[in-house]
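For the numbers below, each heavy atom of this structure counts, side chains included, while hydrogens, waters and symmetry mates do not.
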Amino acid sequence: MSGTDLASVLAGARLLPVLTVPSPATAGPLADALAAGGARCAEVTMRTPGAEQVLKTMAAHGGLTVGAGTVLTPEQAERAVTAGARFVVSPGFDEEVVAACRELGIPVVPGTATATELMRALKAGLDTVKLFPAEPLGGLPTLRALAAPFPGTRFVPTGGIDAYRMAAYLAVPAVLAVGGSWMATAAHLERGDYEEIRRLTADAVDRSTP
């Protein structure tokens, strides 16, 4: 599964909201707020008991291309795709998860933190990886250092990136998209503050547009 496939799925979107949604009841209003803010895609992490239902609801929205994040096993990948995920993201590189996604015919973006992990991903036939956790790993200097020996590799940095750091990451040619959770946090969802989610999303979309 190539990065070209992921790029096609994201349809040129360079902003990937990363969502951990405690209650499936919030999935519909959340999808509405993200779409109203101009987001075209989103990653729903498989960290909560209701994540599959959240995926189903958001995938049915129609205004967003939705993928599954924090996928740790082939079984999770299969359930996520059944729920409507159009792509899969994992925090690390796992051969079985990659193989399962290839069988399912869906783009997979494994997490990498070192050159060794990146080489394993490339050996598996991938050309797009997630740099995670981007900021704790050293941020832009680390990204540039990893990108230099591997021309043609695309990165989706995630972890500790906010609205102010996003533009600098997107300015790196090797970056396909940036993932972040600041647009829709657990606190926003607990308060039901969908207008703030819409506002933050619109701001992030504006910052991500050349």
Would you name the heavy atoms of Val205 and Gly37 that are closest together and state the gap between them?
CG2-O, 3.7 Å
Short question: side chain of Arg40, backbone of Ala11 - any donor-acceptor pair under 3.5 Å?
yes
Nearest 0.5 angstrom please: Leu176 CG to Arg154 CZ, how far?
4.5 Å
Neighbour count >12 (heavy atoms, 6.0 Å) for atom CD, Glu96:
no
Would you name the heavy atoms of Pro17 and Cys41 that are closest together and state the gap between them?
CD-O, 3.1 Å
Can you find a side-chain donor-acceptor pair between Arg14 and Ser208 that sits under 3.5 Å?
no
So which atom in Ala59 and which in Ala83 form the shortest heavy-atom distance, rounded to 0.1 Å?
CB-O, 4.2 Å
Distance check, rounded to the nearest 0.5 Å: Leu104 atom CG versus Arg102 atom CZ?
11.5 Å
Same apolar cluster: Phe132 and Ile161, side chain cutoff 4.5 Å
no
Tabulate below the donor-acceptor pairs under 3.5 Å that side-chain atoms of residues 135-143 make, not counting sequence neighbours, or state none.
unit_1, atom_1, unit_2, atom_2, d
Glu135, OE1, Arg165, NE, 3.2
Glu135, OE2, Tyr169, OH, 2.5
Thr142, OG1, Leu137, O, 2.8

If every non-hydrogen atom of His188 is compared with every non-hydrogen atom of Trp182, which pair is closest and at what distance?
CE1-O, 3.6 Å
CA sep, side-chain torsions, deciding dist, call: Arg207, Tyr164, side-chain contact (heavy atoms from CB on, under 4.5 Å)
CA-CA 9 Å; Arg207 291 173 185 267; Tyr164 305 101; 3.8 Å; yes
Gap separating the CZ atom of Arg191 from the OG1 atom of Thr185, nearest 0.5 angstrom
6.5 Å
Does a side-chain heavy-atom distance below 4.5 Å link Thr201 with Ile197?
yes
Glu78 and Thr82: side chain donor to acceptor below 3.5 Å
no
If Ile, Leu, Val, Met, Phe, Trp and Tyr residues are connected whenever their side-chain heavy atoms lie under 4.5 Å apart, and connections chain through other members, are Phe155 and Leu16 in the same group?
no
Indicate the atoms forming the closest heavy-atom contact of Ala85 with Leu55, along with that distance.
CB-CD2, 4.3 Å
side-chain contact (heavy atoms from CB on, under 4.5 Å) between Val21 and Leu30: does it pass, once the steps are laid out?
CA-CA 9 Å; Val21 185; Leu30 173 58; 3.7 Å; yes
Taking the side chain as everything from C-beta on, heavy atoms only, tell me whether Ser181 gets closer than 4.5 Å to Thr20.
no
Using a 3.5 Å distance criterion without hydrogens, assess whether the side chain of Thr112 forms a donor-acceptor pair with backbone atoms of Thr114.
no
Using the salt bridge (charged side-chain N to carboxylate O under 4.0 Å, His left out) rule, take Glu117 and Arg120 through it: C-alpha gap first, then chi angles, then the decisive distance, then the call.
CA-CA 5 Å; Glu117 292 169 337; Arg120 289 174 63 201; 5.7 Å; no
Lys/Arg N to Asp/Glu carboxylate O, Arg199 vs Asp203, below 4.0 Å
no
Can you find a heavy atom in the side chain of Met58 that is under 4.5 Å from one in the side chain of Leu64?
yes
Heavy-atom pair with the smallest gap, counting every atom of Met166 and Ala204
CE-O, 3.3 Å
Check step by step if side-chain contact (heavy atoms from CB on, under 4.5 Å) holds for Leu6 and Leu10.
CA-CA 6 Å; Leu6 178 66; Leu10 297 184; 4.1 Å; yes
Partner of Val108 by side-chain contact (heavy atoms from CB on, under 4.5 Å), out of Leu126, Asp94, Val89
Leu126
Treating Ile, Leu, Val, Met, Phe, Trp and Tyr as nodes and any side-chain heavy-atom pair under 4.5 angstrom as an edge, say whether Leu189 and Leu19 lie in one connected cluster.
yes
If two hydrophobic side chains count as joined below 4.5 Å and joins carry through other members, does Met183 share a cluster with Val44?
no
Quick check: is Val66 connected to Val18 through a chain of hydrophobic side chains (ILVMFWY, heavy atoms under 4.5 Å apart)?
no
Run the numbers on Leu131 and Val156 for side-chain contact (heavy atoms from CB on, under 4.5 Å), then give the verdict.
CA-CA 6 Å; Leu131 178 64; Val156 182; over 6 Å; no
With rounding to the nearest 0.5 Å, note down the distance linking NZ in Lys130 to OG in Ser90.
7.0 Å
dist Phe150:CZ -> Leu122:CG (nearest 0.5 Å) comes out at 6.5 Å
Could you state the interatomic distance from CG (Leu146) to OG1 (Thr153), rounded to the nearest 0.5 Å?
9.5 Å
